> 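Once you've had a glance at the structure underneath, I'll fire off some questions.
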Amino acid sequence: MFFRSSANHSELSDSGESQSEDMTPEGSEGAGNGDADTKYLMTNPSASLTDIRPSRFALPPASLTFRDLTFAREVKDDRGQRHMETVLQPCSGHFAPSELAALMGPSGCGKTTLLDMLALKKTAKYSGEVWLNGRPRRKKLFRRVAAYVGQEDMMPAHWKVREAIKFNATLKQNMARTHRNEDDWVETLLETFGLTAVKDSYIGGEMVRGISGGQRRRVTLARGIASHASLLFCDEPTSGLSATDAEKCIKALRAISKRLCVTCIVVIHQPRTEVAEMFDTLTLLTSEPGRMIYSGPMSTAQAYWKERGFPVPLNVNPVDWFMDTVTPGTRTDVSGALVQAFEKYQRPFVDALLEEQLSTEGLSVKDMILSCYEGSAPTSSRQPRLGEYALPFCGQFCALLKRKLRLMVRNPMALGLPVAVPVVQGIIVGYMFSGTGHKTFLRQIMFAFCMLTMLCLAGTMGLIVLITERNLMKHESSEKLYSEMAWAIATQIVDVPLALVGALLNVVIMVAFAELELGIFIAILKWSLLLFFVYDSLFAFIGAVAADTRQAQVLASPAVSIFMLFNGFIVTKDDAPDPLKFIFYISPNAYAMEGIVRAMAKEDRFKDDLNTQLVVSHFGYDSESTSRGVIILVTLIILLRIGQLLGLKYLNHIQR
């Protein structure tokens with residue numbers, strides 16, 4: 001991390017002198033020059049943001065060059081015919097290291113599309129080329145040096161503000177920087193974005209009282225900055241914020257970009273003058289379709305508009321005027337003339353700049369990662385990691401498990417329902433079958449069928465929660481905070497034992513009411529456990545592959561219904577049509593029913609009864625397939641879990 005406690009802030013001064021961040025007085029000489037430290041620049045409202053010198057803890061520099069980025073989408077016309085509609089015409093440009101760049105334009109101009117293409121977030125097909133430090137951009141390691149702050153504020157409702165920011169700081173940390181205090185960096189971000197007063201408050205949601213929408217937006221931005229990326233892409237980070245809070249956020253971005261050498265590319269809507277002046281460069285687009293209007297320094301934009309014959313009127317925010325002149329359909333629209341002016345006056349300079357930047361190669365992503373380890377002691381915990389993730393699997397798993405446990409403990413519903421509902425069901429249904437152990441053999445079979453049916457249906461309750469948590473995982477894993485497998489294992493370690501406790505209590509309560517013999521109870525317990533793990537794996541698989549909760553229900557209902565029907569009790573093997581008999585060989589309910597019924601038939605008062613043996617034979621439970629059933633059910637569990645991991649990794653990615 002970048003900071004220590006205030007007692008050790010002297011090590012953060014670039015001047016080599018003993019200097020404390022927190023002691024820099026407002027309006028002092030150091031507040032406006034390169035010696036001002038990062039925390040002071042980010043958190044002091046009066047600090048000057050000109051002539052900021054990079055910190056000795058600055059990240060490796062990253063420039064971004066792009067040529068002819070174009071995007072078109074398929075649409076249907078009024079006659080239902082498909083054709084391609086151009087959203088963004090070829091765009092080219094260059095963002096220098098430690099540059100704070102504004103990407104602006106009217107709605108529908110493709111500015112978010114351009115940002116997504118630059119950030120390697122665009123999932124739809126597009127054309128064009130992007131270079132990082134003069135080298136072709138590579139997908140594998142790009143997320144190690146880049147962070148993306150989207151428009152969505154996706155966070156668990158019972159998460160606390162400080163925990164959310166620290167989560168990103170931990171999972172994206174450089175192992176070479178672990179000697180610096182991570183908590184101090186988090187506290188700085190909390191102070192920067194005005195979140196100190198709510199740092200121990202819940203994020204909140206529809207059913208949980210928490211922080212405001214504007215504060216939630218600031219938490220999302222702080223999480224992106226906490227990732228320590230040389231490239232930071234922000235999609236409308238100030239939306240929903242007051243003018244004052246928006247200025248504070250952009251001020252923090254500028255301090256970080258200059259002090260820590262972070263290239264920040266920000267999509268922003270018509271900022272006020274004080275905010276616009278903080279940006280180094282402006283890339284302005286018009287719409288219908290998206291085309292470049294201006295690409296250059298923010299400080300010379302007014303002069304450019306004046307040279308083109310469209311000077312900014314007196315007492316008008318220049319940015320408002322820029323937007324008015326490039327928005328088609330407005331009274332002051334001159335976008336056509338400005339597009340022609342760009343092609344004539346700016347395009348040659350942009351092309352020349354691209355050729356100049358691409359003539360030399362800077363650090364590769366691998367070199368950028370390795371450079372962070374220079375000067376570090378070669379310990380086992382600080383070996384360079386050149387994979388997709390900054391932390392090893394164990395580190396990811398521990399962070400996810402800690403978060404999962406905290407969220408579970410704070411949510412009484414999530415903690416209580418998986419246990420309370422099966423217990424209540426067990427009491428009600430068990431009471432209905434009171435004393436079944438002393439009744440007829442057929443009555444005991446009906447008891448077994450009802451008990452197994454409840455075990456099958458119990459898992460459907462968690463599908464909605466599973467899909468919601470998976471969507472959050474997809475959002476975070478797209479930033480390469482952690483792997484899908486680490487999330488799956490951490491989730492199962494918490495959820496499965498909790499659901500298992502509920503299932504076991506359900507079975508024990510029902511068997512106690514039924515007053516069955518010990519031998520039957522052991523058989524029921526064994527097959528119930530197998531059945532629980534099969535259906536838990538099935539629902540986990542469905543939750544991984546289904547697009548949404550509705551599709552998950554559509555997939556789960558037929559599977560459960562078919563297995564419940566083909567159990568030998570409702571539909572026997574002899575009654576089933578020949579093309580469907582194979583279902584008995586993969587139905588977990590069929591094997592569980594057979595194992596339990598055969599255990600009941602061995603009870604002293606039934607084992608020599610002819611009618612009992614005829615019933616067993618009628619239902620097809622005399623095939624001695626117990627061992628085969630165990631093998632098949634264990635195989636099903638393994639296959640479904642593998643399918644779950646594959647589904648989590650390759651399906652339902654965030655579409656942009």
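Because the structure is predicted, anything quoted here is derived from the model rather than measured. Positions are given from 1 along the sequence.
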> Find out whether the Lys NZ or Arg CZ of Arg223 is both under 6.0 angstrom from the six-membered ring centre of Phe167 and within 45° of the ring's axis.
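Here Arg223 fails the 6.0 Å and 45° test against Phe167.
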> If you measure only the distance, is there a donor-acceptor pair under 3.5 Å linking the side chains of Glu476 and Tyr482?
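Yes, because at least one side-chain N or O of Glu476 sits under 3.5 Å from a partner of the opposite role on Tyr482.
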> Establish, from distance only, whether the side-chain atoms of Gln644 and Glu484 form a donor-acceptor pair under 3.5 Å.
no
> Quick one: does NZ or CZ of Arg137 land under 6.0 Å from the six-membered ring centre of Phe142, within 45 degrees of the ring axis?
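Relative to the ring axis of Phe142, which defines the angle, Arg137 lies inside both limits.
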> Could you check whether atom OH of Tyr650 has more than 12 heavy atoms from other residues, nucleotides or ligands sitting under 6.0 Å from it?
no
> Are more than 12 heavy atoms, taken from residues, nucleotides or ligands other than Met485, located less than 6.0 Å from that residue's CE atom?
no
> Would you check, one step at a time, whether the test side-chain hydrogen bond (donor to acceptor under 3.5 Å, both in side chains) holds for Gln215 with Ser212?
CA-CA 5 Å; Gln215 290 171 329; Ser212 67; 3.3 Å; yes
> Please table the atom pairs, donor to acceptor, closer than 3.5 Å between any side-chain atom in residues 464-472 and protein atoms at least two apart or in another chain.
{"from": "Thr468", "atom 1": "OG1", "to": "Ile464", "atom 2": "O", "distance (Å)": "2.9"}
{"from": "Glu469", "atom 1": "OE1", "to": "Lys404", "atom 2": "NZ", "distance (Å)": "3.2"}
{"from": "Glu469", "atom 1": "OE2", "to": "Lys404", "atom 2": "NZ", "distance (Å)": "3.0"}
{"from": "Arg470", "atom 1": "NH1", "to": "Gly543", "atom 2": "O", "distance (Å)": "2.9"}
{"from": "Arg470", "atom 1": "NH1", "to": "Ala546", "atom 2": "O", "distance (Å)": "2.4"}
{"from": "Arg470", "atom 1": "NH2", "to": "Ala546", "atom 2": "O", "distance (Å)": "3.3"}
{"from": "Arg470", "atom 1": "NH2", "to": "Ala547", "atom 2": "O", "distance (Å)": "3.3"}
{"from": "Asn471", "atom 1": "ND2", "to": "Ile467", "atom 2": "O", "distance (Å)": "3.4"}

> Under the 6.0 Å and 45° cation-pi test, does Lys122 pair with Phe71?
yes
> Under the side-chain hydrogen bond (donor to acceptor under 3.5 Å, both in side chains) rule, what do Ser364 and Arg135 come out as? Steps first, then yes or no, please.
CA-CA 7 Å; Ser364 66; Arg135 300 170 181 266; 4.8 Å; no
> When you compare the side chains of Glu99 and Ser257, does any donor N or O come within less than 3.5 Å of an acceptor on the partner?
no
> Give a yes-or-no answer on whether the side chains of Asp116 and Tyr148 include a donor-acceptor pair shorter than 3.5 Å.
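A donor-acceptor contact under 3.5 Å links the two side chains.
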> Nearest 0.5 Å please: distance from the CG atom of Leu407 over to the OH atom of Tyr202.
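Going from CG on Leu407 over to OH on Tyr202, the span is 9.0 Å.
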> If you measure only the distance, is there a donor-acceptor pair under 3.5 Å linking the side chains of Ser537 and Arg641?
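Side chains of Ser537 and Arg641: pair found under 3.5 Å.
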> With a 4.5 Å cut-off on side-chain heavy atoms, are Met278 and Lys251 touching?
yes
